[in-house]
2 protein chains.
Amino acid sequence: MGAMGRRNQHSREEQRQMALAAADELVAAEGLAGFSMRKVAQTMGYTVGNLYLLFSNQDDLLAEVSLRTADAMYEYLRGVAARPKAPLERLQAIAAGYISFAQKHSFRWRLMFEHYLPPEKWDHPGLNAQQTALFEFVEEHLAPLLPEASPKQLRAAATALWSSVHGLCVLAITGKLNWSGLKDARPLSDLIVRAFVSGLREERS
Amino acid sequence: MGAMGRRNQHSREEQRQMALAAADELVAAEGLAGFSMRKVAQTMGYTVGNLYLLFSNQDDLLAEVSLRTADAMYEYLRGVAARPKAPLERLQAIAAGYISFAQKHSFRWRLMFEHYLPPEKWDHPGLNAQQTALFEFVEEHLAPLLPEASPKQLRAAATALWSSVHGLCVLAITGKLNWSGLKDARPLSDLIVRAFVSGLREERS
DNA sequence: GCCCGATTTGAACGCTGATCATTTCCACCG
DNA sequence: CGGTGGAAATGATCAGCGTTCAAATCGGGC
């Protein structure tokens, strides 16, 4: 048992990681448009066919790359959230961090949202866990600002708030935002968080 | 002059419109993934090469299809906004209309945002006009709710609000929204508009 | 030393966007 | 009525894509 009849010194799992690393770099460098299975295979020193022994198809490979990016972003946001002490500033820092991560890793970030998974694959376990983790992360940092909210209200508020920040991020990245003289997105993300939180507190009084 | 040496009875401009109609239907039916120049050509009864006499390439054709969709959506939103009299309900109706349009014309709508234009093409005249029109439309309906805001503040508020609604829409369409028991997006879009407007008024007092 | 079977290959298939020499056809002229 | 010039449309061609799978390749066990 063990390594039987193996020509290469890399195990299956090592090959998977090599492929993911190569794919991630390729996406980061050329975007989804410049991505191809052949390039990935060549970068990792194997041939195309071998990739299909590691991943069932291109979509699966890209889905795992997306997952990696989501992980990296989540960790980055946790770091960003650690600094500010005041709850509101912490939320604003998270929002700004979300956007700056997206701007820094533009192609990677866009892959997460432009790589379309057919609806029947929407209940991918790892992917959903990631999403709920992000929602709960926002929820956790929103909670101190809405002490009287019920769990359901809090959940709805976090969903709405994160959607809002995400929308600003999308438009900023894709250039579809009418900047109207604004230098960067930070004032707008601050405004969104501030107004939203203040509006929710108002609502409950 | 006029129709010289023309084999077909369709003028260049007519052909453009036929191509756009065919492309639009194809996108609506199969999405960006199922789109191809050959299919468009076949649907309109011409060959591939001819398409490149009408549009410089696939991106240009798709950009014009996007423009069409944006036009249709804008007109739809104007209709939606005509009904409610109260300013807040009108804004909420616009937000809900935006989302319901995206859900009804899911593939068309997604084309507008997934069809990536390289940054050097971000100053396309028609496209930018469309975008500012939409922003100004929101601004116009937000203004009565923020009577004391300066033009700059109003512009920023409209940008932030529309971004927020857009974000909710994106997540709803792509299935990346943690619904957490919610049936549809309407309550969330209402919440976003309500909280945001209330928060902005609070801020200014 | 040999061979079995796991491992890896790469040619093949049908598709794509894009190009452009070639063909087709009409309007005009004699 | 018979050319004929030139606009209009074609489709073969190219490079590249995702995906498949029969065939080639190699290493451990006997």
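In what follows, every chain begins at residue 1, and chains take the letters A, B, ... in the order their sequences are listed.
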Rounded to the Å, how far apart are [X] [atom1] and [N] [atom2]?
X: A:L53; N: C:dT7; atom1: CG; atom2: C1'; value: 8 Å
X: B:Q58; N: D:dC17; atom1: CD; atom2: P; value: 15 Å
X: B:L51; N: C:dT19; atom1: CG; atom2: C1'; value: 14 Å
X: A:L26; N: D:dC17; atom1: CG; atom2: P; value: 10 Å
X: A:Y46; N: D:dA24; atom1: OH; atom2: C1'; value: 17 Å
X: B:L62; N: C:dT16; atom1: CG; atom2: C1'; value: 13 Å
X: B:L54; N: D:dA8; atom1: CG; atom2: C1'; value: 11 Å
X: A:H10; N: C:dA6; atom1: NE2; atom2: P; value: 22 Å

For A:R16, which residues count as a salt bridge (Lys or Arg N to Asp or Glu O under 4.0 Å) partner, sequence neighbours excluded?
A:E13, A:E64
For A:D60, which residues count as a salt bridge (Lys or Arg N to Asp or Glu O under 4.0 Å) partner, sequence neighbours excluded?
A:K121
Full working for salt bridge (Lys or Arg N to Asp or Glu O under 4.0 Å) between B:K39 and B:E30
CA-CA 11 Å; B:K39 288 184 190 169; B:E30 305 191 30; 3.0 Å; yes
Distance check, rounded to the nearest 0.5 Å: B:Q15 atom CD versus B:L54 atom CG?
5.0 Å
How many angstroms lie between CG in A:L188 and OG in A:S164, if you round to the nearest 0.5 Å?
12.5 Å
Under-3.5 Å N/O pairs linking protein and nucleotides 11-15 of chain C:
from   : atom 1 : to    : atom 2 : distance (Å)
C:dA12 : N6     : A:R38 : NH2    : 3.3

Whichever of A:S56 and A:G34 has its nearest DNA chain D nucleotide further upstream toward 5':
A:G34
Quick check: A:Y76 with A:F101 (ring centres under 6.0 Å apart)?
yes
In this structure, is the centre-to-centre distance between the rings of A:F137 and A:W162 below 6.0 Å?
no
Below the 4.0 Å mark, does C:dT8 have OP1 or OP2 next to a side-chain nitrogen or oxygen of A:Q15?
yes
Please tell me which of the listed nucleotides, C:dT8, D:dT19, D:dA9, lies nearest to the side chain of A:Y52?
D:dT19
Side chain of B:R12 only, heavy atoms from C-beta on: which candidate in C:dG17, C:dT9, D:dA8 is closest?
D:dA8
